[in-house]
Amino acid sequence: MPSISYWLAYFGFGIVAGIIAGLLGVGGGIVIVPALYWIFTLQGLPQATLMHLAIGTSLATIVFTSFSSFRAHARHGAVRWDIFKRFTPGILIGAFAGSWIAAQLSTRILKGAFAILLYYVSIQMLLNIKPKPSRQLPGPVGLATAGGIIGTVSNLVGIGGGIMTVPFLSWCNVPIHVAVGTAAAIGLPIALAGAIGYLANGLGATGLPPLCIGFIYLPALCGIAAMSMITAKFGARLAHTLPVVVLKRVFALFLLAMATRMLWDLL
């Protein structure tokens, strides 16, 4: 059982992850994955499965955080349920595929993929590259395909999908506040399918620490989820008070900071 200092760390990161999840529609995985990797290292958990545990546990916490976040955004009318329905079939297939692929890869490869993805998205958002005014959302097949890609990549690196969904929807000229709210809702099936995948793929793994179910570490799940569910709704309220330009810059700068931290650890 973790000591009280580790429980306090879980609670603290849960508070931060919940606010960020509600504010940016990202599920909180961009905070939780590097945080758990750092905490699990201090705890002395097995290095061979360290990143797998961080990602699997992150996805499990996002199930709870996304639920709280998208409910808060829905109260503001910021969830496009038509997009959600068309995204979901591809997301579920991609999420299971991503968790299976991740189980076959090393911790170093997963960390590198995570950092590269964050850099790409942060630079795109920071430069405020605007889509053509005529660009619209693709049809049902196109949205399902986009969902499959986002679901696969999201579960390779343990995020709720918002860091890809928000830029994609913005690129299709969906207003940023609606993109954030819809991404929060889309993060729920991504996280749920991914968490189940990491749980199943980790059941046969050897050398896992106690209090694990597959690649999900239960103490961290309980501590982070307990706090993030409470604070996600406050982040969602803040998202609907910020100007569009400020919201996009906050999103971009945060991703850039996370990418730099992960790359530093990798090197």
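Quick note: numbers below take in every heavy atom, side chains included, and nothing from hydrogens, waters or symmetry partners.
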Margin query: Would you call the rings of Tyr10 and Trp7 parallel, tilted or perpendicular, taking 30° and 60° as the class edges?
Written below: perpendicular
Note to self: Side-chain heavy atoms nearer than 4.5 Å, only ILVMFWY residues, links allowed to pass through others: does that put Ile196 and Ile93 together?
What the structure shows: no
Notebook entry, point to check: How long is the gap from CD1 on Ile83 to CG on Leu137, to the nearest 0.5 Å?
Noted result: 4.5 Å
Check: When hydrophobic residues are tied together by side-chain contacts of less than 4.5 Å, even through go-betweens, does Val33 share a cluster with Leu42?
Finding: yes
Item checked: Beyond-backbone contact of Tyr198 with Leu53, side-chain heavy atoms, under 4.5 angstrom -> no
Next item on the list: Look at the side-chain heavy atoms of Ile, Leu, Val, Met, Phe, Trp and Tyr, link any pair under 4.5 Å apart, and say whether Trp81 and Leu169 land in one connected group.
Entry: yes
Check: Of all heavy-atom pairs between Arg86 and Pro89, which one has the smallest distance, and what is that distance?
Finding: O-CD, 3.7 Å
Next item on the list: Only pairs at least two apart or in different chains count here, so list each salt bridge (charged side-chain N to carboxylate O under 4.0 Å, His left out) that has a residue in residues 70-81.
Entry: Arg80-Asp82
Item checked: CD1-CD1 distance between Ile224 and Ile15, expressed to the nearest 0.5 angstrom -> 11.5 Å
Notebook entry, point to check: Rounded to the nearest 0.5 Å, how far apart are OG1 of Thr88 and CG of Leu143?
Noted result: 10.5 Å
Next item on the list: Indicate the atoms forming the closest heavy-atom contact of Thr231 with Gly18, along with that distance.
Entry: OG1-CA, 3.2 Å
Next item on the list: Measure the NE2-NE2 distance between His177 and His73 for me, rounded to the nearest 0.5 Å.
Entry: 9.5 Å
Next item on the list: Taking all heavy atoms of Val174 and all of Ala179, pick out the closest pair and write down the distance.
Entry: CG1-N, 3.9 Å
Next item on the list: Specify the closest pair of heavy atoms between Gly181 and Val79, including all atoms of both residues, with the distance to one decimal.
Entry: O-CG2, 3.6 Å
Checklist line | Point-to-point distance, once rounded to the nearest 0.5 Å, from CD1 of Ile230 to CD1 of Ile19 | finding: 11.0 Å
Notebook entry, point to check: For the residue pair Ala146 and Phe168, what are the closest heavy atoms and their distance?
Noted result: CB-CZ, 3.9 Å
Next item on the list: Begin with the C-alpha distance, continue with both residues' side-chain angles, and end with the deciding distance and a verdict on side chain to side chain contact (heavy atoms under 4.5 Å, CB included) for Phe87 and Ile150.
Entry: CA-CA 9 Å; Phe87 252 83; Ile150 291 173; 3.7 Å; yes
Margin query: Quick one, Cys172 and Pro138 - any side-chain contact, counting heavy atoms below 4.5 Å?
Written below: yes
Output side-chain donor-acceptor pairs under 3.5 Å for residues 185-193, partner residues at least two apart or in another chain, one line each.
none

Notebook entry, point to check: When the ring centroid of Phe67 is compared with that of Phe70, is the distance short of 6.0 Å?
Noted result: yes
Item checked: Main-chain N/O of Met229 paired to Ser68 side chain as donor or acceptor, under 3.5 Å -> yes
Notebook entry, point to check: Please walk me through it: do Tyr37 and Leu50 pass side chain to side chain contact (heavy atoms under 4.5 Å, CB included)?
Noted result: CA-CA 7 Å; Tyr37 185 86; Leu50 208 60; 3.7 Å; yes
Item checked: Minimum-distance pair of heavy atoms, taken over all atoms of Gly22 and Val180 -> O-CG1, 4.4 Å
Checklist line | Atom pair CD1 (Ile55) and CG (Leu59), whose distance is rounded to the nearest 0.5 Å | finding: 7.5 Å
Contacts under 3.5 angstrom, residues 203-222 side chains, donor-acceptor by atom type, not counting sequence neighbours:
residue, atom, partner, partner atom, Å
Tyr217, OH, Gln43, NE2, 3.4

